[in-house]
Amino acid sequence: MGSLTDIKIRNLKPQQKSYQVADGDGLTLEVRRSGQKAWLYRYRVHGRQEKLSLGGYPEISLARARELHFDARKQVAEGKSPAKNKREEKQRLSDDLQTVRGLAKAYIEDHVSKLASAKRAQAYIEQKILPVIGGHFLHEVTPADCVAIVEKIKRGGAPAVARKVLEHLRGLFGYAVDHHL
């Protein structure tokens, strides 16, 4: 397949200038002056040369970089630009996920829908969390806002529901952290 191995990659040392080592079919590993290593895919689509950043090494292993490279090559073969698709997806997520309501929608689709109790979990989010903070931008929500939601439910005489809502608040904002929001 490729010419790189994990041993070769670990032995690559930084130099005065950044340099790249090819693995094949446009997949390269850039070794920066700082010693950081990053995967790049260089390709042509519609006659224009483009590049796609696949992530840093060792966070993205050689095997994973090859998988990402394979997926990107399929897009290029279809005449699509993987870099453009990545930018558009990132922008879409950024736009959609600026509010708690947008975050909740993504969280429900990606995580809650896979739970055995998906309907109940979605109901907790939609009935207990979103009416209070759904319209807030993510950066505006404080821990005190979340505590207030849980405390109000407790005072209403439903401690079990309060625990579930707290669990979903943690999941929701953990999802935001995982997606760098």
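Just so you know, these numbers come straight off a predicted model, no measurement behind them.
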- Message: I'd like to know if the side chain of Ser117 reaches the main chain of Arg120, judged simply by a donor and an acceptor atom lying under 3.5 Å from each other, with no hydrogens or angles considered.
- Response: no
- Side-chain (Asp145) to main-chain (Val141) donor-acceptor, under 3.5 angstrom: no
- Quick one: which residue pairs count as a side chain to side chain donor-acceptor pair (under 3.5 Å) with a foot in residues 146-162, not counting sequence neighbours? none
- Message: Are Val21 and Leu68 connected into the same hydrophobic cluster when the rule is that any two of I, L, V, M, F, W, Y join if their side-chain heavy atoms are below 4.5 Å apart?
- Response: yes
- Above 12 or not: heavy atoms from other molecules or residues under 6.0 Å from CD of Glu67? yes
- Query: Counting N and O atoms only, with roles assigned by atom type, does the side chain of Lys8 sit under 3.5 Å from a partner on the main chain of Ser3, one being a donor and the other an acceptor?
  - Reply: yes
- Task: Output the distance between atom CZ (Arg73) and atom CG (Asp25), rounded to the nearest 0.5 Å.
- Result: 4.0 Å
- Determine the minimum heavy-atom distance between Thr99 and Gly135, stating which atoms define it. CG2-O, 4.4 Å
- Message: So, taking the atom named SG in Cys146 and the one named CG in Leu169, what distance separates them when rounded to the nearest 0.5 Å?
- Response: 4.5 Å
- Note on the structure: Here the gap from Leu52 atom CG to Gln75 atom CD, rounded to the nearest 0.5 Å, amounts to 8.0 Å
- Task: Quick one: pull up CG in Leu29 and CG in Asp23 and give me the separation to the nearest 0.5 Å.
- Result: 9.0 Å
- Message: Looking at every heavy atom in both Ala121 and Val112, which two are closest together, and how far apart are they?
- Response: CB-CG1, 3.6 Å
- Task: Check Ala104 against Leu130 and note the closest heavy-atom contact, atom names and distance.
- Result: CB-CD2, 3.8 Å
- Query: Backbone N or O of Lys80 within a donor-acceptor pair of the Lys84 side chain at under 3.5 Å?
  - Reply: no
- Message: Rounded to the nearest 0.5 Å, what separates atom NE2 in His168 from atom CZ in Arg163?
- Response: 12.5 Å
- Going from OG1 on Thr142 to CD on Glu140, what distance comes out if it is rounded to the nearest 0.5 angstrom? 10.5 Å
- Apply side-chain contact (heavy atoms from CB on, under 4.5 Å) to Tyr57 and Arg10, showing your working. CA-CA 9 Å; Tyr57 180 87; Arg10 282 194 298 269; 3.9 Å; yes
Quick one: side chains of residues 37-48, donor-acceptor pairs under 3.5 Å with protein atoms, not counting sequence neighbours, listed by atom name and distance.
{"residue": "Lys37", "atom": "NZ", "partner": "Ile9", "partner atom": "O", "Å": "2.7"}
{"residue": "Lys37", "atom": "NZ", "partner": "Leu12", "partner atom": "O", "Å": "3.3"}
{"residue": "Trp39", "atom": "NE1", "partner": "Ile60", "partner atom": "O", "Å": "2.9"}
{"residue": "Arg42", "atom": "NE", "partner": "Gln20", "partner atom": "OE1", "Å": "3.2"}
{"residue": "Tyr43", "atom": "OH", "partner": "Glu50", "partner atom": "OE1", "Å": "2.8"}
{"residue": "Tyr43", "atom": "OH", "partner": "Ser81", "partner atom": "OG", "Å": "3.3"}
{"residue": "Tyr43", "atom": "OH", "partner": "Ala83", "partner atom": "N", "Å": "3.1"}
{"residue": "Arg44", "atom": "NH1", "partner": "Gly47", "partner atom": "O", "Å": "3.0"}
{"residue": "His46", "atom": "NE2", "partner": "Gly79", "partner atom": "O", "Å": "2.9"}

- Message: Has Glu126 got a side-chain atom pairing as donor or acceptor with Ala123's backbone, closer than 3.5 angstrom?
- Response: no
- Determine yes or no for a side-chain-to-main-chain donor-acceptor pair under 3.5 angstrom, with Lys86 supplying the side chain and Ser53 the backbone. yes
- Task: Measure up the Tyr107 and Tyr175 rings against each other and bin them: parallel (under 30°), tilted (30 to 60°), perpendicular (over 60°).
- Result: perpendicular
- Residues, nucleotides or ligands: over 12 heavy atoms within 6.0 Å of Tyr19 OH: yes
